[in-house]
Each structure stands twice: as structure tokens, then as C-alpha cells.
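First the structure, in the form of C-alpha cells, and then the observations on it.
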There are 2 protein chains.
Amino acid sequence: MARPSVEAERKAQILGAACAVLADVGFTALRISDVAKRVGTSTGTVHYYFPTKRDLTTAAFEWNFERSLERRQHILELHDDPRTELRAFVDSYLPGDEVTVQAWHVWAELWVEALHDDDLAALNERVYGAWRKIVCRIIEEGQAAGHFRAGDALNLANGLIGLIDGLSLQVLLGSKEMDVERMRVVCDEWLAALDVVEPIRS
Amino acid sequence: MARPSVEAERKAQILGAACAVLADVGFTALRISDVAKRVGTSTGTVHYYFPTKRDLTTAAFEWNFERSLERRQHILELHDDPRTELRAFVDSYLPGDEVTVQAWHVWAELWVEALHDDDLAALNERVYGAWRKIVCRIIEEGQAAGHFRAGDALNLANGLIGLIDGLSLQVLLGSKEMDVERMRVVCDEWLAALDVVEPIRS
DNA sequence: GGGTTGATTGACCCATTGGTCAACCTTGGG
DNA sequence: CCCAAGGTTGACCAATGGGTCAATCAACCC
């Protein structure tokens with residue numbers, strides 16, 4: 001080892017740039033040279049760490065997921081009561097601030113690419129499964145504590161996640177009839193319907 | 001006029017082929033030559049009717065919408081009671097048969113392209129608005145008839161549509177945890193929750 | 001300070017593909 | 001039967017952009 005490796009750091013820079021470009025112009029229009037320019041390096045360097053465009057984008061999709069989960073870790077570590085936890089978790093996914101919007105754009109690109117690529121579909125299944133599992137766990141805890149009404153927790157989780165995905169898409173598309181505030185209301189109504197009609201105690 | 005125009009017919013053939021290719025390989029990988037080959041003609045002919053690739057894909061997205069609505073016209077013309085009508089309408093959107101799956105694929109491509117193209121975003125707003133309006137109208141009729149519980153009909157419609165979109169995506173992606181049958185169950189639960197708790201009469 | 005190796009560069013190659021175009025075909029009218 | 005005009009063809013052009021590579025640099029060790 002001649003010097004300390006800069007590999008991890010450089011890779012992170014490149015992946016961050018790749019996500020930004022993906023969100024800006026989409027998978028179709030992503031150019032290796034754009035990513036390089038954004039990092040302030042050359043296309044050669046990008047290819048040095050990610051031999052092909054597919055290697056780069058696949059790694060970027062994975063990186064987007066890891067960062068996305070990382071940003072929400074603090075919510076999960078609070079160990080609030082399930083109602084608060086679920087609400088905070090859902091809230092963190094509303095495409096309001098720029099970071100969240102960018103992450104959503106990258107997710108959308110992943111979905112559509114995954115429709116025609118088995119490897120990406122497998123990646124989606126894995127990372128989407130993680131998100132589904134977290135929501136499912138919170139719902140189960142809420143049911144056990146008597147806060148949430150009964151029902152198949154997996155179905156409930158899938159419903160909530162589906163709702164969020166679908167609404168986010170329209171928000172991202174700039175629909176006049178579906179903006180972040182409307183989305184918040186619809187999600188809140190869904191969450192309210194999850195609460196037991198009669199609180200069990202006090 | 002030397003002969004009767006074949007324009008409408010040929011355009012429809014080309015647009016049908018374009019939708020098939022879009023669904024098969026996606027917007028990114030759509031080639032004019034693939035569309036031409038599927039129709040059994042030359043790239044020159046495709047360009048004769050649709051000067052640029054963008055003209056072709058935009059028209060294909062619109063065509064997909066029109067066909068999609070057309071296929072459901074019979075449901076709307078039955079004038080069933082709102083509960084039955086809404087259920088039939090939702091059911092017709094489950095990505096089960098091949099035709100519906102292809103249409104969903106094209107929708108997904110539209111969404112992601114529209115994220116980076118204002119014209120396509122406007123197209124989406126228009127056609128998505130039509131779909132939203134239909135669902136909203138059915139819900140309002142159901143509320144007026146006392147079948148559905150009270151609540152902002154537009155929000156309810158947006159919630160249902162968002163749910164369907166989000167779930168469909170995961171079904172299309174071949175998720176093991178979300179197939180058509182599970183999707184049907186989740187949608188049915190949503191619809192059941194829309195019914196009034198105590199039927200108003202008999 | 002020389003050697004080793006990781007890291008970087010950007011010019012270049014070449015496959016791909018959207019779009020053009022001039023020639024040609026086909027149908028129907030006069 | 002010939003002409004006009006819509007319709008069709010596919011070779012070709014030009015641009016684009018992924019990936020290669022030989023040269024170079026920079027950090028660290030001996």
C-alpha cells in the first residue's frame with residue numbers, strides 16, 4: 001500500500017453526483033461526462049471506479065437507498081410510541097425539501113429501469129422490502145399496544161406504502177390537484193383511520 | 001385527392017406498435033427501427049407520419065390514454081349503483097391481463113419522462129385529471145346516495161388513485177410480496193372502508 | 001531520490017441511431 | 001395510358017456518447 005486509499009471517498013462523491021444527475025435529467029439522459037463534471041473530474045476517473053454506465057447507475061440506486069434509510073435512522077432510534085413513530089416516518093417521506101425530492105426522483109428512475117432489468121428488479125425487491133418491513137413492524141407494535149385497529153399488518157403496510165408512492169409521483173409531476181399539502185392531508189386521513197375508534201385506555 | 005387517405009389507419013398501427021415497444025423495452029431503449037419492424041414497414045414511413053421521436057412517443061402516450069379510457073367506457077355506461085361502478089372501475093385497473101399490464105407500463109414510462117419534460121407533464125396533468133375526475137364523480141354520487149361515508153371527495157379520489165398507482169408499480173416489478181391478488185385485497189379493504197358503517201336504509 | 005503502485009487524464013475509437021433525401025411505387029382520375 | 005400526388009423505401013449523413021488506453025502524476029516506502 002503506497003498511500004491511504006481514496007477509493008471510498010471518491011466513490012461516494014461520484015455516487016452523490018450520479019444521484020443528482022439522475023434526479024435532474026433522468027436515467028435516459030444521464031451522461032458519464034455530466035457526472036464527471038459535477039464531481040470536478042474526468043470521465044476516465046468515473047470509469048476507473050465504475051467500469052460501465054450500468055455499474056455506476058446500479059451503485060447509485062443502492063446508494064440512494066442507503067442514504068434514504070440513514071436519514072431516517074434517528075426516527076427509529078427514538079422508540080416513540082408507534083403512532084408518533086409512524087407519523088414521523090410517513091412525514092419524512094413527503095416530497096417537501098430538496099433532499100427528499102431528489103431521493104424520490106431517483107426512486108422513480110429505479111422503478112422504471114427495473115421494469116426492464118432483472119438485476120434492478122432484484123435490487124428494488126430488496127430495498128423496497130426493507131422499507132416495507134419497517135412499516136410493518138411499526139404497525140404490528142401499534143396493534144399489540146392497542147393503538148391501531150386489527151388487520152393484516154403486511155396488507156396495511158403495503159397499502160400505506162403504495163399510497164405514499166402513488167401520491168408522491170403526482171406531487172413530483174407538479175400536479176395542480178396534488179401538492180405536498182394535499183398529500184399530507186390524505187396521508188393523515190389514512191393514519192387516522194388506522195387508529196382504533198375507541199381508545200382502549202383513558 | 002388521388003386516393004382515400006390511409007393516414008388514420010397507418011398512424012394507429014404505428015402508435016400501437018410504439019406502445020408495445022415502450023412497454024417491452026422502455027422509453028430509453030425505444031428505437032424507431034423497432035417500431036417500424038413491428039409494423040412491418042420502414043423507418044422512413046414512421047418518420048413520414050411522426051417527424052421526430054418525440055412526436056411519436058408523445059402521440060403514443062396520448063393514444064395509450066385514449067385506449068385506456070375507451071376500454072372502460074362500458075363500465076361507465078352501465079350506470080350501475082356507485083358501489084358496483086367504483087368496484088368495477090378499480091377492478092379493471094388491476095394489472096392482470098396482458099392489455100392492462102402493457103397500458104400500465106406505458107403509463108409508468110410517461111410519468112418518468114414527464115419528470116423532465118414540461119410538455120409531457122402537461123399531458124399527464126390533463127389525462128390523469130380525467131381519470132381523477134371520473135373517480136371523484138362516482139364517489140360524490142355514492143355519497144349523495146348515502147352509500148359512501150362523508151369526506152372530501154377529491155381527497156378520497158386522490159387517495160384511491162394514489163393507492164392503485166403505487167401498488168401497480170410494485171406488482172409490475174414482480175414483487176413477491178405484492179402480486180395482483182394481494183393488490184386486490186388491499187383495494188377491496190380500501191373500498192370497504194369507504195362504505196358507510198351503518199347502511200342508511202334496510 | 002528512485003521505484004512502486006494507485007490514481008488521473010482526455011484524446012481517441014467506434015458502435016449506435018435519429019433524421020434526411022432522392023428515387024420509386026401505387027392508386028385513381030381524366 | 002399517362003400524370004399527379006400520396007405514400008414508401010432504405011441507403012446515407014452526422015452527431016452523440018460509452019468505453020479504451022497510453023501517458024502522466026502523486027504519494028509513500030525503502
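Side chains are part of it too, since the values below use all heavy atoms of this structure and drop only hydrogens, waters and symmetry mates. Lettering of chains follows the sequences in order, A, B, ..., and the numbering in each one begins at 1.
For the pair H47(B) NE2 and dG6(D) P, the interatomic distance rounds to 21 Å; values are reported in whole Å. Between K11(B) atom NZ and dG7(D) atom P there is a gap of 10 Å when expressed in whole angstrom units. One atom, CZ of R31(A), and another, P of dG19(D), lie 12 Å apart when rounded to the nearest Å. Atom C1' of nucleotide dG18(D) and atom CG of D34(A) are separated by 13 Å, given to the nearest angstrom. For I14(B) and dG18(C), the CD1 to P distance is 15 Å, given to the nearest whole Å. Rounded to whole angstrom, the span from the NZ atom of K53(B) across to the C1' atom of dG19(C) amounts to 12 Å. To the nearest angstrom, P of dG18(D) lies 10 Å from CZ of F27(A). In this entry the distance linking CD1 of I32(B) with P of dG10(D) reads 16 Å, nearest Å.
Taking the C1' atoms of five terminal pairs at each end of the helix from dG1(C)-dC30(D) to dG30(C)-dC1(D), the two resulting helix axes are inclined by 10°, rounded to 10°.
Heavy atoms of L56(B) sit nowhere under 4.0 angstrom from any nucleic acid atom.
Not counting sequence neighbours, E189(B) has no partner by the salt bridge (Lys or Arg N to Asp or Glu O under 4.0 Å) test. For E98(B), the salt bridge (Lys or Arg N to Asp or Glu O under 4.0 Å) test picks out no residue, with sequence neighbours left out.
Applying the ring pair (Phe, Tyr, Trp, His ring centres under 6.0 Å) test to residues at least two apart or on different chains, none of the pairs has a partner in residues 149-185 of chain B. Applying the side chain to side chain donor-acceptor pair (under 3.5 Å) test to residues at least two apart or on different chains, the pairs with a partner in residues 158-168 of chain A are Y128(A)-D165(A), R132(A)-N158(A).
When each of D188(A), D81(A), D80(A) is paired with R87(A), the salt bridge (charged side-chain N to carboxylate O under 4.0 Å, His left out) condition holds for D188(A) and for no other.
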Treat primed atoms plus P, OP1 and OP2 as sugar-phosphate and everything else as base, then score nucleotides 8-13 of chain C 5' to 3': B for base contact with protein heavy atoms under 4.0 Å, S for sugar-phosphate contact only, - for none.
BBB---
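If you check the side chains of Q170(B) and N124(A), you find a donor sitting under 3.5 Å from an acceptor. A donor and an acceptor atom, one from each side chain of T43(A) and S33(A), are nowhere located under 3.5 Å apart.
Annotation: cation-pi pair R72(A)/Y93(A) present, NZ/CZ under 6.0 Å from the ring centroid and within 45° of its normal.
Aromatic ring orientation, W107(A) versus F65(A): perpendicular (interplanar angle above 60°, classes split at 30° and 60°).
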